[in-house]
Amino acid sequence: MDYKQQIAETIYSVLNEHLTLEDIYLLLEKPKHAEHGDVAFPAFQLAKVFRKNPAHIAQELAEDISSPLISKKQVVGPYINFFLNKESVSQGVLSEVVAEKGNYGHLSIGNGGNVPIDMSSPNIAKPMSMGHLRSTVIGNALSHILEKVDFKPIRINHLGDWGTQFGKLITAYKKWGNEEAVRAEPIKELLALYVKFHEVAENDPTLEDDGRLWFKKLEDGNEEAVELWKWFREESLKEFKKVYDRLNISFDSLSGEAFYNDKMDQVVDLLNEKELLTMDRGAYIVDLEKYDLNPALIKKSDGATLYMTRDLAAALYRKKNYDFAQSLYVVGQEQSNHFKQLIAVLKELGLDWSDDVHHIPFGLITKDGKKLSTRKGKVVLLEDVLNEASAQALKQIEDKNPNLPDKERVAEQVGVGAVVFHDLKNDRLNNFDFTIEEVVQFEGETGPYVQYTRARAMSILNKAGVTTVESANSLALTDDYSWEVVKLLHDYPHTIRRAYENFEPSIIAKHAITLAQAFNRFYANVRVLDAHPEKEARLALVSAVTDILKEDLRILGVESPDEM
RNA sequence: GUUUCGGUAGCUCAGCUGGAUAGAGCAUUCGCCUUCUAAGCGAACGGUCGGGGGUUCGAAUCCCUCCCGAAACGCCA
């Protein structure tokens, strides 16, 4: 039930000769200040129509408008401010939330269409850094948002499991590596080898040649090379799984770059068929000048295929295999150009579904203002960050709630929650400079704040002897603190829609924080368990808030401990 | 140099399709635990919305221009 819509209809019944219903709906706004009511209609635009000053129009118009939904209207200058009927709105909103619980806010937009999401995509033999966290948690949150609007997400971990770096790695392993060390701590050891390769190669260029040679052997199916590659891949996946488990994330597909090795000739053939390939400086390219883009490189002058070729193969494969409604790529914004090219080439191929392919870019994480670089060993390891967060959460629990059962588990939920929430609370495209102090915070606009708010709400329900409220005789609430909460619950479907339309998890995170803040003010000012005519309705409000906060956090990929 | 993002309080950021006195959090100072978890609530402090033009009844928001920062810019992914 959309109350703004109802107000718009009421106004339309008086103004239908001058404005459309849609115009009116768009003009209606949410006042910034509570004394201006809940919905406001500015009369400026009518001034031209009626040739009168807007304040006068507002005055006259207000007299003609009435609805049981409006408890009070006030004309302030050119504005008509409407105050909604709190009893009936809270009754309506709460009965809906209490009945639907976490399902509240589900929208039928996607008709069950498939949406593959290219996300996470760490490189084999390299540790997951804070940079991978972004793609992983944004992709995961988007998958939940898509589900919420009736799409079927398909989470694809497009692993970086192919490329010249494996030639380098094999070279380094054969020169300096040892099996036990790799087995004991695979990623750490492989990374050390990789870093050493680049250090030594600075003074010894022949090493690069060895690297290229070994990659060539790998491509040609040389047994030793393939065995090492497989082993590195396996050991790496085991390590990644540990992190994904902590983040509570799973994938529907692990088809990485190597998966498309045998599918790239078809792409080249297809481009040839459509006469899109041209030779330039010894390389095959697709000219994209009419899109104002650099040409897309399909084949290097040595005949090797490229990133673009592989991504084209992947795009075609996904369309064929999933018949997707949309196809998303959660990849850093530094690759925006690449995806523009990818989409342009698909368009050149005459594929009308190229419009359904979307790059979802996100900002860069830096450390001390500089880009992280695996090659130079300059990384912030995700695992270290999660460990630190979890440890600090445990310390906090020992300090504030030492009798809490299952402390380690809750500490993990809170610590990891803090890290994930921090990554999602701001606009995807914002860059940020990493500091552990900022990421691992438990106060203010943080994940733990939302979790804590919900835990306190749960505690009220426990003391009332219920776990949830299904229905109540009356759900009418009239105080200002409840009202702010009710309005935020009412906004929820709209929030979900905006998050979907912008592919923007931070909209959900903002809602969680705002709702938690409103609830905490309610908590500080309104007694729930005391005898009161509205006690039942208040309990329902508390129950509704626990469900929606939990749902917000679930969408973001953050757990909700009942106690903390 | 070209293109794309960004510049809002000391710091980190909100500000939905232009609207009424520009909002949070952190930090600093102060107040609130004999009542539902103080990871909380309240108050104070803090702003030429990068500069300058323009459109509009109205601009942080739209257009132009300049300044500053980041990223991308054919044989890496």
Side-chain angles (χ1 to χ4, degrees), chain A residues 26-27 29-33 36 40 42 44-45 47-48 53-54 76-79 81 121 123 160 162-165 257 280-285 292-302 304-308 310-311 331-338 340-341 361 363-364 366 369 371 393 396-397 399-401 404 414 418 422 425-427 429-433 435 437-438 441-446 448-453 455-464 491 494-495 498 501-502 506-507 510 513-514 516-517 520-530 538 542 563-564:
Chain A
L26 290 174
L27 278 173
E29 58 189 77
K30 196 180 348 170
K32 285 179 191 143
H33 303 274
H36 291 145
F44 300 103
Q45 300 213 350
K48 286 170 200 156
N53 84 61
V76 182
Y79 288 92
N81 296 327
S121 313
N123 294 319
W162 201 251
T164 48
Q165 73 268 25
E257 293 170 9
D280 190 77
R281 291 175 234 177
Y284 282 104
I285 61 163
D292 225 12
L293 291 167
N294 293 325
L297 268 166
I298 302 300
K299 256 187 169 181
K300 300 203 277 189
S301 43
D302 66 3
T305 54
L306 286 133
Y307 183 33
M308 181 59 71
R310 202 173 292 273
D311 263 2
V331 180
Q333 67 164 338
E334 64 271 20
Q335 291 188 42
S336 290
N337 204 50
H338 168 76
K340 278 185 198 160
Q341 291 181 321
L364 208 61
T366 54
K371 199 174 166 176
Q396 187 95 312
I397 292 170
D399 202 36
K400 311 207 171 201
N401 197 359
L404 182 72
V414 172
H422 174 268
K425 77 171 171 179
N426 289 135
D427 193 311
L429 284 165
N430 290 0
N431 296 337
F432 78 89
D433 196 64
T435 55
E437 296 77 19
E438 203 198 301
Q441 257 200 40
F442 303 145
E443 286 166 26
E445 298 170 335
T446 65
Y449 172 85
V450 178
Q451 290 172 320
Y452 177 72
T453 304
R456 293 210 300 178
M458 286 301 287
S459 172
I460 294 180
L461 295 180
N462 277 335
K463 292 220 156 78
D491 278 347
H494 182 232
T495 302
R498 279 178 51 221
E501 285 173 349
N502 297 293
S506 73
I507 291 174
K510 297 259 157 52
I513 286 174
T514 314
Q517 286 172 332
N520 278 325
R521 280 192 283 269
F522 166 87
Y523 183 95
N525 291 284
V526 179
R527 300 283 311 165
V528 177
L529 295 175
D530 295 354
R538 287 173 178 172
V542 174
E563 248 185 288
M564 65 184 271

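Values reported hereafter were calculated over all heavy atoms of this structure, with side chains retained and with hydrogens, waters and symmetry mates removed.
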Protein-nucleotide distance (A:L297, atom CG; B:A77, atom P), rounded to Å:
10 Å
Between the main-chain N or O of A:V528 and the side-chain N or O of A:R538, is there a donor-acceptor pair closer than 3.5 Å?
no
Short side-chain N/O contact from A:N53 to OP1 or OP2 of B:C57, under 4.0 Å
no
Any base atoms under 4.0 Å from A:Q451, or only sugar-phosphate, or nothing? Heavy atoms, all strands.
nothing
Report yes or no: is the ring centroid of A:H338 under 5.5 Å from the six-membered base ring centroid of B:A77, with the two planes under 30 degrees?
no
What nucleic acid atoms does A:D292 come within less than 4.0 Å of, heavy atoms only: base, sugar-phosphate, or nothing?
nothing
Closest to the A:R527 side chain: B:C41, B:C36, B:C75?
B:C36
B:C67 to B:G50 separation - C1' atoms, rounded to the nearest Å:
8 Å
Regarding A:E334, tell me which of base, sugar-phosphate or nothing describes its non-hydrogen contacts under 4.0 Å with the strands shown.
sugar-phosphate
Kindly point out which of B:A71, B:U21, B:C13 is positioned nearest to the side chain of A:L364?
B:A71
Closest nucleotide among B:A71, B:A39, B:G74 to the A:I285 side chain
B:G74
Does A:R521 make a side-chain N or O approach to OP1 or OP2 of B:G42 shorter than 4.0 Å?
yes
Where the side chain of A:P295 is concerned, which of B:C75, B:G74, B:U37 is the nearest nucleotide?
B:G74
How is A:D491 classified with respect to the nucleic acid when contacts are heavy atoms under 4.0 Å: base, sugar-phosphate, or nothing?
nothing
Using only side-chain N and O atoms of A:Y523, determine if any of them is under 4.0 Å from OP1 or OP2 of B:U35.
no
B:A38 phosphate, OP1 or OP2, under 4.0 Å from A:R456 side-chain N/O:
yes
A:E438 vs A:H422, test: side chain to side chain contact (heavy atoms under 4.5 Å, CB included). Steps then yes/no.
CA-CA 8 Å; A:E438 203 198 301; A:H422 174 268; 3.1 Å; yes
Which nucleotide sits closest to the side chain of A:K300: B:C36, B:G40, B:C76?
B:C76
For a 4.5 angstrom cut-off between non-hydrogen side-chain atoms, does A:Y452 reach A:K400?
no
According to a 3.5 Å limit on both distances, what stems of 3 or more consecutive Watson-Crick or G-U pairs are formed with RNA chain B?
B:1-7 with B:67-73, B:10-13 with B:23-26, B:28-32 with B:40-44, B:50-54 with B:62-66
N or O in side chain of A:K30 less than 4.0 angstrom from B:C16 OP1/OP2:
no
Could you tell me whether A:A47 contacts a base, only the sugar-phosphate backbone, or nothing, with contacts defined as non-hydrogen atoms closer than 4.0 Å?
nothing
What is the distance from CG of A:L27 to P of B:G58, rounded to the nearest Å?
17 Å
Presence of A:K463 side-chain N/O under 4.0 Å of B:U37 phosphate oxygens OP1/OP2
yes
I'd like to know if A:S301 reaches the base of B:C75 with its side chain, counting only an N/O donor and acceptor under 3.5 Å.
yes
Is A:I507 touching bases, backbone alone, or none of the nucleic acid, heavy atoms closer than 4.0 Å?
nothing
From B:A39, B:G74, B:C36, nucleotide with atom closest to A:K400 side chain
B:A39
For A:E29 and for A:E438, locate the closest nucleotide of RNA chain B by heavy-atom distance; then report the residue assigned to the nucleotide nearer the 5' terminus.
A:E438
Let me know the distance between CD of A:Q335 and P of B:A72, rounded to the nearest Å.
10 Å
Please work out whether B:C33 sits syn or anti, treating a glycosidic angle within 90° of 0 as syn.
syn
Short side-chain N/O contact to B:C41 OP1/OP2 from A:N520, under 4.0 Å
yes
Quick check on B:A39: is either OP1 or OP2 less than 4.0 Å from any side-chain nitrogen or oxygen of A:Y452?
yes
Which of the following nucleotides, B:C16, B:G74, B:C36, is nearest to the side chain of A:V528?
B:C36
A:D427, nearest nucleotide to its side chain (from B:A20, B:A77, B:A14):
B:A14
Where the side chain of A:T453 meets the backbone of A:Y449, is there a donor-acceptor pair that is under 3.5 Å apart?
yes
Taking the side chain as everything from C-beta on, heavy atoms only, tell me whether A:M308 gets closer than 4.5 Å to A:L297.
no
Residue whose closest nucleotide on RNA chain B lies nearer the 5' end, A:S459 versus A:I513
A:I513
The side chain of A:N337 is closest to which nucleotide in this list: B:A72, B:U35, B:A39?
B:A72
I want to verify a distance call: between B:A39, B:C57, B:C76, whose nearest atom is closest to the A:F44 side chain?
B:C57
With a cut-off of less than 4.0 Å, is there a side-chain N or O of A:S336 near OP1 or OP2 of B:A72?
no
Hits for side-chain hydrogen bond (donor to acceptor under 3.5 Å, both in side chains) against A:Q341, two or more places apart or cross-chain, chain-then-number order -> none
